[in-house]
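When a residue number appears, it is its place in the shown sequence, counting from 1. Below, all heavy atoms of this structure are taken into account, side chains as well, without hydrogens, waters or symmetry copies.
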Amino acid sequence: MIPEELKRGKRWVNFRLMPDKDGGKPRKVPINPETGRNAASNKPETWTDFPTVADAVEMYGFTGIGRMFVK
């Protein structure tokens, strides 16, 4: 369960597990569900709110959700 305090704000992304091209551990690729494009840890404009990512997991079949942390 995610605490309500962490759900506030637009700091959320979805992710998909993508196979490593060298056969290693799969990578978590962050995705903005509003655009379908990759999200970036240093670009807050690619993040969204918690309700959007939570709905997108089932709607678009993403692997999961992630929260971006800033300094």
Are V57 and Y60 linked, directly or through intermediate hydrophobic residues, by side-chain heavy-atom contacts shorter than 4.5 Å (ILVMFWY only)?
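No: no chain of side-chain contacts under 4.5 Å links Y60 to V57.
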
Under the side-chain hydrogen bond (donor to acceptor under 3.5 Å, both in side chains) definition, can you give me all pairs with a residue in residues 31-48, not counting sequence neighbours?
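Output for this query lists E34-T48.
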
May I have all residue pairs that pass side-chain hydrogen bond (donor to acceptor under 3.5 Å, both in side chains) and include part of residues 5-22, sequence neighbours excluded?
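Non-adjacent pairs meeting side-chain hydrogen bond (donor to acceptor under 3.5 Å, both in side chains): E4-K7.
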
Give me the atom names and distance for the closest heavy-atom approach of M68 to P30.
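The answer is CE-CB, 4.1 Å.
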
Assess the residue pair I2 and F50 against the criterion (side chain to side chain contact (heavy atoms under 4.5 Å, CB included)); give the C-alpha distance rounded to whole Å, side-chain angles, the decisive distance to 0.1 Å, and a yes or no.
CA-CA 10 Å; I2 299 171; F50 183 81; 3.6 Å; yes

Where the side chain of R67 meets the backbone of L6, is there a donor-acceptor pair that is under 3.5 Å apart?
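Side chain of R67 to backbone of L6: a pair is present.
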
Would you say that L17 contacts K28 through its side chain, given a criterion of any heavy-atom pair below 4.5 Å between the two side chains?
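Of all side-chain heavy-atom pairs linking K28 with L17, at least one is under 4.5 Å.
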
Measure the shortest side-chain to side-chain distance between F15 and V29 over non-hydrogen atoms and say whether it is less than 4.5 angstrom.
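F15 does not reach V29 side chain to side chain.
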
Quick one: CD1 on I65 to OG1 on T52, what's the gap to the nearest 0.5 Å?
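That separation rounds to 11.5 Å.
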
Can you run down the ring-ring contact (aromatic ring centres under 6.0 Å, His included) pairs that involve residues 21-40, sequence neighbours left out, and say none if there aren't any?
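Every candidate ring-ring contact (aromatic ring centres under 6.0 Å, His included) pair involving residues 21-40 fails, so no pair, neighbours aside, qualifies.
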
